[in-house]
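One is the number of the first residue; the rest follow in order along the sequence.
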Amino acid sequence: MRVVLQRAASAEVRVDDEVVGALPAPGLVLLVGITHTDTPEIAARLADKIWRLRILTGERSAADEGAPLLVVSQFTLYADTRKGRRPSWSAAAPGPVSEPLVDAFVAALRDLGAHVETGRFGAQMQVSLVNDGPVTLVLDSDTYAG
């Protein structure tokens with residue numbers, strides 16, 4: 001599982017000119033990619049790590065502040081660009097595998113008490129945000145031991 005986390009002053013996701021998810025206040029935007037070896041346990045572990053990361057102003061976490069989260073599925077985080085000019089998506093799990101794991105990640109965040117908004121899985125989305133700081137982190141379950 002790979003998550004690109006951005007601290008955001010504001011953010012929204014649109015599908016066909018309709019806002020389907022937005023941060024109601026400053027918070028975190030989480031772009032989430034799923035690979036073949038991911039499990040609901042990995043999703044829950046990463047959700048807990050992100051919820052408690054002290055990356056907000058004053059070294060506070062989203063848990064400390066009750067900061068909202070906007071989760072957007074993004075299979076392109078697993079692009080392989082080592083050969084040629086056309087990315088390979090073979091490391092990204094297919095939709096029937098990844099959608100339930102993104103849902104498990106969102107559920108784990110909500111179980112922790114997070115207010116979570118989402119994009120629309122598999123849709124052509126337009127994501128806009130104002131990165132605050134800027135702060136952008138990449139968390140990868142392959143390198144995160146717990």
Side-chain angles (χ1 to χ4, degrees), residues 1-81 87 89-146:
M1 188 169 193
R2 187 168 291 154
V3 178
V4 174
L5 176 158
Q6 295 182 298
R7 190 172 75 186
S10 63
E12 71 177 21
V13 178
R14 291 179 170 270
V15 175
D16 297 327
D17 289 326
E18 172 193 354
V19 175
V20 296
L23 290 179
L28 303 176
V29 174
L30 309 173
L31 306 177
V32 178
I34 304 294
T35 193
H36 303 281
T37 56
D38 288 330
T39 64
E41 293 77 22
I42 289 171
R45 190 176 73 220
L46 216 47
D48 185 71
K49 176 72 170 181
I50 289 166
W51 183 235
R52 299 178 197 291
L53 273 177
R54 298 184 323 177
I55 59 169
L56 299 178
T57 303
E59 293 189 12
R60 304 213 6 115
S61 69
D64 295 333
E65 296 291 322
L69 310 175
L70 177 60
V71 174
V72 180
S73 62
Q74 185 135 8
F75 78 94
T76 61
L77 293 178
Y78 277 101
D80 182 349
T81 59
W89 312 113
S90 63
V97 172
S98 59
E99 185 173 13
L101 288 170
V102 172
D103 291 344
F105 178 71
V106 169
L109 288 165
R110 288 181 174 145
D111 287 348
L112 293 166
H115 171 90
V116 183
E117 297 277 325
T118 65
R120 187 172 295 152
F121 189 90
Q124 176 67 37
M125 296 177 274
Q126 291 76 48
V127 180
S128 61
L129 68 102
V130 176
N131 194 315
D132 182 20
V135 173
T136 301
L137 305 174
V138 178
L139 291 88
D140 197 318
S141 61
D142 290 343
T143 58
Y144 171 61

Review point. Which pairs with one or both residues in residues 60-80 pass ring pair (Phe, Tyr, Trp, His ring centres under 6.0 Å), sequence neighbours excluded?
Key: F75-W89
Point to revise | Separation of D111 CG from D48 CG (nearest 0.5 Å) | key: 11.0 Å
Point to revise | Closest non-hydrogen atom pair, S73 against V102 | key: CB-CG2, 4.1 Å
Show me the donor-acceptor pairs, under 3.5 Å and distance only, between side chains in residues 13-39 and residues at least two apart or in other chains.
from : atom 1 : to   : atom 2 : distance (Å)
R14  : NE     : E12  : OE2    : 2.8
R14  : NH1    : D17  : O      : 3.0
T35  : OG1    : A91  : O      : 2.5
H36  : NE2    : S90  : O      : 2.7
H36  : NE2    : A92  : O      : 3.4
D38  : OD1    : M1   : N      : 2.5
D38  : OD1    : S141 : OG     : 3.4
D38  : OD2    : M1   : N      : 2.8
D38  : OD2    : T35  : N      : 2.8
T39  : OG1    : E41  : N      : 3.4
T39  : OG1    : E41  : OE1    : 3.3
T39  : OG1    : I42  : N      : 3.1

Practice item. Measure across L109 and A47 and return the closest heavy-atom pair with its distance rounded to 0.1 Å. Key: CD2-O, 3.6 Å
Review point. What's the spacing between S61 OG and L56 CG if we round to 0.5 Å?
Key: 7.0 Å
Revision key, fill the gap. The salt bridge (Lys or Arg N to Asp or Glu O under 4.0 Å) partners of D64 (sequence neighbours excluded) come to none
Exercise for review: Hey, could you give me the NZ/CG distance between K49 and L139, rounded to the nearest 0.5 Å?
Suggested key: 7.5 Å
Exercise for review: List the steps, then state whether side chain to side chain contact (heavy atoms under 4.5 Å, CB included) holds for L53 with L5.
Suggested key: CA-CA 11 Å; L53 273 177; L5 176 158; 4.2 Å; yes
Practice item. Return each pair, listed once, that meets ring pair (Phe, Tyr, Trp, His ring centres under 6.0 Å) where at least one residue sits in residues 91-128; pairs must be two or more places apart or across chains. Key: none
Review point. Would the number of heavy atoms belonging to other residues, nucleotides or ligands and lying under 6.0 Å from CZ of R52 be above 12?
Key: yes
Practice item. To the nearest 0.5 angstrom, please state how far the CG atom of L101 sits from the CG atom of L46. Key: 12.0 Å
Practice item. Please identify each residue that fulfils salt bridge (Lys or Arg N to Asp or Glu O under 4.0 Å) with D103, with sequence neighbours left out. Key: none
Review point. What is the distance from atom CG of L129 to atom CZ of R7, rounded to the nearest 0.5 Å?
Key: 12.5 Å
Point to revise | Partners passing salt bridge (Lys or Arg N to Asp or Glu O under 4.0 Å) against R110 (at least two apart in sequence or in another chain) | key: none
